[in-house]
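Note sheet for the following structure.
In this text, all values refer to a predicted model and were calculated from it rather than measured experimentally.
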Amino acid sequence: MSSLKALQKFKPNNNLVEEIQGLIDGTISLHWVKAHIGVAGNEVADKAAKEATIRPTVDLHLGIPERSFKTRIRSLLLKEWHERWNRDDAKGRYTFSIFPKVSTKRCIDSHLLSQVTTNHGLYPHYLKRFNLRESNCRFGEDANEGIQHYIYWCPLLDSCSSIIRPGVSIGQILQDKNKIKEFKSILNFLYNHQQDIFEQESVDRP
């Protein structure tokens, strides 16, 4: 009965079942029959199965099912990813503080949300790090302020924020549609009003 149920699956988990499915056409029908009632073919199969259990060695090797192999490889890759992600000297420690556990189900599908999870974007901390621009926020207390300064504390963007306040974590923002909408509004305002928010640093030249 279990064999018949396996053959009925649209996507079986065993390569052998898939091969049998490929051999079955419209001229073949499979049925379950009760054991030990004199059906010749069933009695022969039952005898062969019993004889196989007393053999000293296994003479039939089915190999590892392809899906089992893929599942094992996926598990090993996930383990390696997790171990690397947890190393203290690994890159992306800002992102690690938001997502301490790796996951294949997580998807950041917006460039703005990507910025809040990496601290990469139109912020003095990032711009200076990669020598893109020497500038500070006009109300920044720290020359190396990152995205959280603009989300939580910058008075120049305070009018854009009503539900995102200090104490609301990045993780909480990412789990709330209204907070995500407000966060995107804050960043769009920042991008559209750069000249009012940033001040260029004076650079002493010889």
Side-chain angles (χ1 to χ4, degrees), residues 11 13 67-204:
K11 291 184 177 181
N13 297 321
R67 284 190 175 83
S68 297
F69 183 75
K70 289 181 178 179
T71 299
R72 177 59 176 164
I73 293 297
R74 189 179 297 110
S75 176
L76 290 173
L77 289 174
L78 191 61
K79 180 181 178 182
E80 176 69 16
W81 181 18
H82 180 74
E83 290 177 352
R84 292 189 181 188
W85 188 235
N86 279 276
R87 284 168 43 186
D88 292 334
D89 61 342
K91 295 182 179 179
R93 295 302 84 187
Y94 177 88
T95 305
F96 178 84
S97 67
I98 303 170
F99 302 126
K101 294 183 179 180
V102 300
S103 173
T104 58
K105 298 180 180 180
R106 185 182 300 120
C107 179
I108 304 296
D109 59 355
S110 163
H111 71 284
L112 295 177
L113 295 182
S114 178
Q115 291 179 34
V116 76
T117 57
T118 60
N119 204 26
H120 291 180
L122 192 65
Y123 327 115
H125 167 78
Y126 178 79
L127 298 174
K128 293 176 183 178
R129 178 183 174 188
F130 293 98
N131 297 316
L132 299 175
R133 184 191 300 177
E134 291 294 331
S135 63
N136 290 323
C137 173
R138 295 184 185 276
F139 282 87
E141 297 179 359
D142 184 354
N144 294 317
E145 67 266 0
I147 189 171
Q148 294 193 24
H149 168 76
Y150 300 99
I151 298 176
Y152 300 122
W153 300 295
C154 184
L156 294 174
L157 291 101
D158 193 57
S159 61
C160 302
S161 180
S162 61
I163 58 178
I164 298 178
R165 296 297 183 187
V168 177
S169 69
I170 301 298
Q172 290 173 320
I173 292 175
L174 296 174
Q175 294 175 3
D176 188 301
K177 291 182 178 180
N178 291 326
K179 290 183 176 67
I180 289 176
K181 183 178 179 180
E182 183 170 285
F183 164 74
K184 290 181 177 180
S185 176
I186 292 172
L187 282 199
N188 283 324
F189 185 89
L190 175 64
Y191 274 83
N192 294 328
H193 297 82
Q194 298 180 42
Q195 69 281 3
D196 301 320
I197 296 173
F198 295 114
E199 60 181 2
Q200 298 298 118
E201 285 189 351
S202 59
V203 179
D204 296 331

Say you draw a straight line from [atom1] of [X] to [atom2] of [Y]; how long is it, rounded to the nearest 0.5 Å?
X      : Y      : atom1 : atom2 : answer
Ser185 : Ile180 : OG    : CD1   : 13.5 Å
Ile151 : Lys179 : CD1   : NZ    : 13.0 Å
Thr95  : Ile170 : OG1   : CD1   : 10.5 Å
Tyr152 : Ile186 : OH    : CD1   : 9.5 Å
Thr118 : Gln115 : OG1   : CD    : 7.0 Å
Asn119 : Ser114 : CG    : OG    : 11.0 Å

Exam field: side chain Arg138 to backbone Asp196, donor-acceptor pair closer than 3.5 Å: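 Judged by distance alone, yes, a pair lies under 3.5 Å.
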Do the side chain of Ser161 and the main chain of Leu157 share a donor and acceptor less than 3.5 angstrom apart?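 Here the side-chain-to-backbone pair does not exist.
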Taking every non-hydrogen atom, the tightest pair across [X] and [Y]:
X      : Y      : result
Gln172 : Gly167 : OE1-O, 3.7 Å
Cys160 : Glu182 : O-CG, 3.5 Å
Cys154 : Cys137 : SG-SG, 3.6 Å
Asp109 : Leu113 : OD1-CD1, 4.5 Å
Leu127 : Ser135 : CD1-OG, 4.1 Å
Gly92  : Trp85  : O-CH2, 3.4 Å

Ring of Phe96, cation from Arg93 - is the NZ or CZ under 6.0 Å from the centre and inside 45° of the axis?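 Satisfied, under 6.0 Å and within 45°.
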Going by the angle between their ring planes, with limits at 30° and 60°, are Phe189 and His193 parallel, tilted or perpendicular?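 Parallel.
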So do [Y] and [X] actually touch side chain to side chain, heavy atoms under 4.5 Å?
X      : Y      : result
Tyr126 : Leu132 : yes
Val168 : Phe183 : no
Ile73  : Leu77  : yes
Lys181 : Asp176 : no
Val116 : Ile108 : no
Trp153 : Gln148 : yes
Thr104 : Trp81  : yes
Phe198 : Leu156 : no

With a cut-off of 6.0 Å (strictly less than), are more than 12 heavy atoms of other residues, nucleotides or ligands near [atom1] of [X]?
X      : atom1 : answer
Arg133 : CZ    : yes
Tyr191 : OH    : yes
Asp89  : CG    : yes

Quick one: do Ile197 and Tyr150 satisfy side-chain contact (heavy atoms from CB on, under 4.5 Å)? Show the steps, please. CA-CA 10 Å; Ile197 296 173; Tyr150 300 99; 4.0 Å; yes
Run the salt-bridge test on Arg87 and Glu83 with the 4.0 Å N-O cut-off and return the result as yes or no.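 Between Glu83 and Arg87 there is no salt bridge, as every charged N stays at least 4.0 Å from the carboxylate O atoms.
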